[in-house]
Protein chains: 2
Amino acid sequence: MTEPNFDAETAANYSPRNYRTPDGAPADIVIFTITSTERNTSKKSLPSRRLEVLLIQRKSWPFAGQWALPGGFSKETETLLASAKRELQEETGVENVHIEYFNAYSEPGRDPRGWMISHAFCALVHEDTLASRRAADDAADVRLFPVQEALEMELAFDHRQILHDALKHIRHSMLTTTIARAFLPEEFTIGELYQVIETVVPEFVERNFIRKITSTRSRKGIIEEVRDSRGELKMSSRYSQRAAQLYRFTGFSPQLSIYS
Amino acid sequence: MTEPNFDAETAANYSPRNYRTPDGAPADIVIFTITSTERNTSKKSLPSRRLEVLLIQRKSWPFAGQWALPGGFSKETETLLASAKRELQEETGVENVHIEYFNAYSEPGRDPRGWMISHAFCALVHEDTLASRRAADDAADVRLFPVQEALEMELAFDHRQILHDALKHIRHSMLTTTIARAFLPEEFTIGELYQVIETVVPEFVERNFIRKITSTRSRKGIIEEVRDSRGELKMSSRYSQRAAQLYRFTGFSPQLSIYS
DNA sequence: GCAATAGTGTCTCTTAGACACTATCTT
DNA sequence: AAGATAGTGTCTAAGAGACACTATTGC
């Protein structure tokens, strides 16, 4: 070990405060959601979807008045993940959502309050679970912004960088894992799944999507057809005249490799 | 924000020390290397390779005498990555190697010295670059251990968990990125590349490896043939009677997706 | 000539990628 | 009938996966 000299044999001789220590352990959370708005068509149609991020407007120094990622200070008695979950609960009222740690930010001077290494989390929240909260503090100091818009704003701290990295992270995860499920109901149609992927990764194009996801050997098992109690295939006609098969994720996710 | 109340409008009113702050910001580094030992064969042959991890034996409280991951405390004036690189340099004398952040460890009580959130890095080091150091402090308090062996040791702190996670991390990266290059010389044969992958991911089997890596469309461009100054294909007969084509990584790495 | 690695031939089955086509049902 | 989504047919070229086979060369 380097900086502090732990020459002592016991804790008694240990003096932690003869060197500089951090001034806090903040956790920031990039809360993504996909909003859907009905399109104005004459027939049933898929909604148009948009990736949005939740930001809060700061009330106090530093960066008072500026928009920032929600976050808070971790406590000694909890893990960072627990802090992030607590913060998410306080901010949006939701629990049991997909949340994952993705990076730490430690650039000296990134926080005017002192030496703060920020721990950044991504949370993916289904819009329905956010709906109640949105009604409550609409037009308040907590808002959803389209991601593209948020990326062009002057956010507090290095939050623009964090948001940028988070976006890159979920774009990658969207294609390599089954996190799409975080944005979807338990049972969904292929069309919805495709839309979610497309919303997060605009360049995603896959014309034979349904065939690939349902019937190629290496991918079979990612999703499965839903059946009702009588064993009949369960369909949905929420977004289309012709009923569509409902699917659910199974938990299986194929191993990817550039070599095979 | 939660814990501290930043009601003030300016830094003047800001009092950072009325709540608990961390007692340090440690960075721990899991330094992996692949050692090769010649097999005792009558003909030229590929060496047998093993994945090893560098551990140090602690001199002082806490966990005095136990083996631990190298690490140190980050300073206020440097980023975590810089701390990790500095520590790596001090411990092994190597610079410019593959190093990446992969997780934070924040379980309360994980460090008897106080509240310490540890930042864990993976470094992949080619054995040649470690060779000089090894000669210097062999039989000392710094040693390479086979990974399987290290995983069964009682390591200091939660370092066993960290090592376990790091291994999982590099196994995944080995198949999905081109980190294999960190363990290989600039120019290498297909046989060597295959061995490196196999060493990190024992279950990797790919009978038609050479064909896949060199001539399938989606993978073409990951590696390229090396030619000498006269434009002739450059071969190596270091490990085989029949000379083998030398390749190098190009920097290209294909995009992976479970959906296409 | 044999050990050890390097690399090719060849066969079958599956998948990729493109595009045209049919199906269903409500307004 | 039109509009909107759901889904199939079909063709070609490419790739996966298996296994036998040839190539090279120092000992």
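Quick note on labels: first sequence line is chain A, next is B, and so on, each numbered from 1.
Using a 4.0 Å cut-off, some side-chain N or O of R39(A) falls inside it from OP1 or OP2 of dT5(D).
Between E224(B) and R248(B) there is a salt bridge, with a side-chain nitrogen of the basic residue lying less than 4.0 Å from a carboxylate oxygen of the acidic one. Residues K85(A) and E95(A) are not paired through a salt bridge, judged by the lack of any N-O separation under 4.0 Å between the basic side chain and the carboxylate. A salt bridge between E52(A) and R50(A) is present, with a side-chain N of the basic residue lying under 4.0 Å from a carboxylate O of the acidic one.
Counting to the nearest Å, the P atom of dG7(D) and the CD atom of E192(A) are 12 Å from each other. Rounded to whole angstrom, the span from the CD1 atom of I213(B) across to the P atom of dG7(C) amounts to 13 Å. Atom pair Y239(B):OH and dT25(D):P shows a separation of 19 Å (rounding to whole Å applied). Atom pair K220(A):NZ and dT15(C):C1' shows a separation of 12 Å (rounding to whole Å applied). Following rounding to the nearest Å, R238(B) (CZ) and dA4(C) (P) show an atom-to-atom distance of 18 Å. Taking atom CG on L193(B) and atom C1' on dA6(C), their separation rounds to 14 Å, with Å as the unit. Atom CD of Q241(B) and atom C1' of dT22(D) are 17 Å apart (whole Å). The distance between atom NZ of K234(A) and atom C1' of dA6(D), rounded to the nearest whole Å, is 19 Å.
Distances were taken from every side-chain heavy atom of S45(A) (C-beta onward) to each of dT5(D), dT5(C), dG7(C); the shortest belongs to dT5(D). Taking every side-chain heavy atom of R242(B) into account, dG7(C) is the closest of dG7(C), dT26(C), dT8(D).
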- Message: How would you summarise protein contacts on nucleotides 11-21 of chain D per nucleotide, using B for base, S for sugar-phosphate only and - for none, with heavy-atom distances below 4.0 Å?
- Response: ---SSSBBB--

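Here the side chains of M153(A) and F145(A) are in contact, with some heavy-atom distance below 4.5 Å.
Both tests do not hold together for R181(A) against F183(A): distance to the six-membered ring centre under 6.0 Å, angle to the ring axis within 45°. Geometrically, R207(A) does not engage F209(A) in a cation-pi contact defined by less than 6.0 Å to the ring centre and at most 45° from the axis.
Note on T41(B): only backbone sugar-phosphate atoms sit closer than 4.0 angstrom, heavy atoms only; bases stay farther off. K44(A) comes within 4.0 angstrom of the backbone, heavy atoms only, and of no base.
Each of D128(A), I99(A), L88(A) was checked for a side chain to side chain contact (heavy atoms under 4.5 Å, CB included) with V94(A), and the lone residue meeting it is L88(A).
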